[in-house]
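Data block below; observations after.
All ligand and atom numbering here is 1-based and tracks the order in the structure. These numbers were taken from a predicted model, which means no experiment stands behind them.
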Amino acid sequence: MKISAHAVGRMVGTWREGPGPAHQRLSDRLRLLILDGRLCLGAALPGERDLATALGTSRTTVGAAYRTLVDHGYLATRERARATVRLPHEDAPAGRRGDGADAGGDSEGIDLSFAAPPAPSEILHAAFATALERLPLHFERHGYDRYGTAELREAVAGWYGRRGLPTSPDHVMITNGAQNAIGLLARTLLSPRDKVLIDHPTYPHAIRAFTDARARLLPVALGPSGWDVPQLLAAARSAQLAYLIPDFHNPTGMYMPASVRRSLRPACPTIIDETLADLGPEAADPDPAVDPAAQPFAATHSTAISVGSVSKSIWGGLRIGWIRAVPVLLERVAGARPATDLGTPVVEQLATAVLLDGGQTRRPEALLHLRTQQDALLGALAEHLPEVHAPRAAGGVTLWARFPEPVGSRLAAIAPDHGVTIAAGPRFGVGGAFERHVRLPYTLPPARLTEAVRRLAAAHRALTAGATGIHTPAAVA
Ligand SMILES: Cc1ncc(COP(=O)(O)O)c(C=O)c1O
């Protein structure tokens with residue numbers, strides 16, 4: 001696939017900002033786009049002259065940036081052909097791979113690119129033991145079910161009921177995580193060139209699901225004072241779909257107050273992502289940023305399409321999520337589903353039903369742990385990176401940290417050399433926005449978080465002193 005110079009120009013955004021020589025900033029930015037998958041493997045980049053013209057820079061700068069990428073294995077070149085995107089061979093030391101396997105080791109990298117807590121092992125073990133006992137009841141059937149098992153659909157309906165939103169199981173479809181739900185909805189509801197309203201910043205894999213459906217994005221800023229209702233309503237009038245995360249938004253951790261929920265009536269179909277809804281403050285330790293009067297969005301907007309998951313409240317490895325919507329819409333989704341998957345594993349569904357029925361998605365001790373971990377992360381930032389502004393999150397698992405300078409991408413690029421992997425701000429937006437931001441999850445124990453921030457501060461010092469390095473991919477959850 002050939003990528004035009006203008007498309008690359010849009011993707012690199014504000015590449016000129018920041019310290020160091022221009023060719024290095026450009027190669028760092030291109031490398032990050034490759035690692036993020038925004039420049040996909042095999043894509044043919046524009047020629048040096050065309051890209052230089054589109055970026056308003058010299059051909060020497062583009063040539064030097066391309067050469068750096070070739071030297072580090074991110075571009076393949078052939079004579080008289082465009083350079084194509086590739087990845088270096090997997091020969092980097094394990095601690096620098098950022099593959100999520102190394103979150104705990106001392107000499108190895110600390111992975112802050114994933115915002116997901118570890119599994120509650122005993123609770124999970126017990127739920128699977130019960131699930132295995134119940135499994136034989138399903139053996140007589142073929143095991144393919146696009147809507148999910150009756151047990152789990154009832155349990156999800158019960159979860160909504162306890163949150164103040166009476167729900168019938170026939171309004172629930174079980175999916176392979178919330179991401180699968182978002183992807184299925186995108187494919188069902190969108191046509192090429194449709195517009196999708198998103199919070200800005202927002203969850204990056206949702207952005208990906210919408211752009212893969214060839215939709216255009218309509219970002220509406222989610223600023224420090226929260227959701228801007230007039231802007232959202234205006235944008236919704238020209239959108240075919242909206243996607244919002246009102247409950248402990250990823251990446252900012254913000255919570256939409258009841259008054260905003262009531263007045264926000266988008267004119268287009270609206271997906272409400274409640275993946276983090278259970279990760280609010282514990283009753284014994286309430287947070288003033290969490291409005292106790294707020295109900296699930298669909299309680300006041302009967303047409304809202306809700307998406308949920310146990311990935312953050314229990315464990316990402318379960319891969320269980322769901323859609324709550326009117327049955328006619330679920331039928332359309334079920335019709336689109338076989339193109340990508342034919343249902344959800346039964347044992348995981350049975351175990352999740354046990355966990356939901358037992359109220360295990362809101363465990364007071366887990367919520368207090370998150371609180372302590374957030375405190376530790378904020379404390380470490382205040383000590384080691386005092387220039388960073390990181391507002392306390394009302395809930396969820398992440399802080400949205402802002403540096404005084406636009407260093408997000410470059411910091412993410414060199415941080416693994418200092419033993420920590422992070423997700424840069426631009427992953428959470430469009431058009432190269434949020435270059436001053438990074439997302440920092442607080443899902444590790446306090447001592448690891450403190451060490452991670454210490455390493456990040458070292459990376460930041462190296463960056464401001466002009467040093468850079470090379471790293472290998474980091475995903476985002
Ligand atoms: C807001 C949001 N939606 C969806 C997902 C994907 O969840 P799942 O692991 O259930 O696919 C995540 C994971 O980070 C998320 O933060």
Side-chain angles (χ1 to χ4, degrees), residues 36 100 103 111-119 124 148 152 156 159 172-187 196-210 212 222 227 241-256 270-280 296-297 304-324 333 337 340-341 344-345 348-349 351-352 355-356 361 370 393-400 421-423 425 427-429 439-444 474-477:
D36 281 355
D111 192 347
L112 292 189
S113 62
F114 281 87
L124 204 53
L152 184 53
V156 171
W159 180 78
V172 175
M173 170 184 276
I174 305 306
T175 60
N176 301 313
Q179 181 60 22
N180 178 226
I182 297 166
L184 287 170
L185 287 165
R187 283 199 293 113
V196 182
L197 182 170
I198 53 166
D199 297 324
H200 202 221
T202 194
Y203 173 57
H205 294 317
I207 293 182
R208 182 67 191 266
F210 301 134
D212 273 11
L222 176 58
W227 285 265
L241 184 66
Y243 168 79
L244 304 173
I245 314 171
D247 302 276
F248 313 119
H249 178 265
N250 182 0
T252 65
M254 289 167 98
Y255 191 70
M256 189 186 279
T270 302
I271 300 176
I272 297 297
D273 187 337
E274 297 181 322
T275 296
L276 295 138
D278 273 322
L279 299 185
F297 201 86
I305 305 158
S306 308
V307 161
S309 168
V310 292
S311 289
K312 309 294 166 172
S313 56
I314 303 279
W315 189 43
L318 276 170
R319 305 307 313 133
I320 295 285
W322 55 81
I323 302 170
R324 178 194 183 279
V333 176
R337 193 166 179 174
T340 50
D341 71 278
T344 302
E348 277 75 2
Q349 291 190 65
T352 305
L355 293 160
L356 281 173
T361 55
L370 283 174
V397 288
T398 56
L399 294 182
W400 186 230
T421 312
I422 53 160
R427 293 220 59 184
F428 301 84
R439 186 191 69 173
L440 298 176
Y442 47 87
T443 45
L444 295 178
V476 163

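Ser313 places no side-chain N or O within 3.5 Å of a backbone atom of Asp278 that could act as its donor or acceptor partner.
Contacts with ligand 1 closer than 4.0 Å are made by side-chain heavy atoms of Lys312 only, the backbone lying farther away.
Asp111 and Thr421 share no donor-acceptor pair across their side chains, judged by distance under 3.5 Å alone. Between the side chains of Thr340 and Arg187, a donor-acceptor pair is found at a separation under 3.5 Å. In this model, a donor atom of one side chain and an acceptor atom of the other lie less than 3.5 Å apart for Asn250 and Arg439.
Applying the 4.0 Å criterion to heavy atoms of Ile245 picks out, from ligand 1, the atoms 1 (C). Shown in contact with Gly177 at under 4.0 Å from a heavy atom are these atoms of ligand 1, numbered in order with element: 10 (O), 11 (O). Which parts of ligand 1 touch Arg319 is read off a 4.0 Å heavy-atom cut-off, strictly below it: atoms 8 (P), 9 (O), 11 (O).
The N/O atoms of Ala178, backbone and side chain alike, include one that comes under 3.5 Å of an N/O atom in ligand 1. In terms of polar-atom proximity, defined here as any N/O pair under 3.5 Å, Asn180 makes no such contact with ligand 1.
Distance check, rounded to the nearest 0.5 Å: CD of Glu348 to CG of Leu355 gives 11.5 Å.
With distances taken over non-hydrogen atoms, the option nearest atom 8 (P) of ligand 1 out of Ala209, Pro204, Gly183, Ser311 is Ser311. Of the listed options Asp273, Asn250, Ile271, Asp273 places a heavy atom closest to atom 3 (N) of ligand 1.
Aromatic rings of Phe428 and Tyr203 (six-membered ring for Trp) have centroids beyond the 6.0 Å cut-off, not under it.
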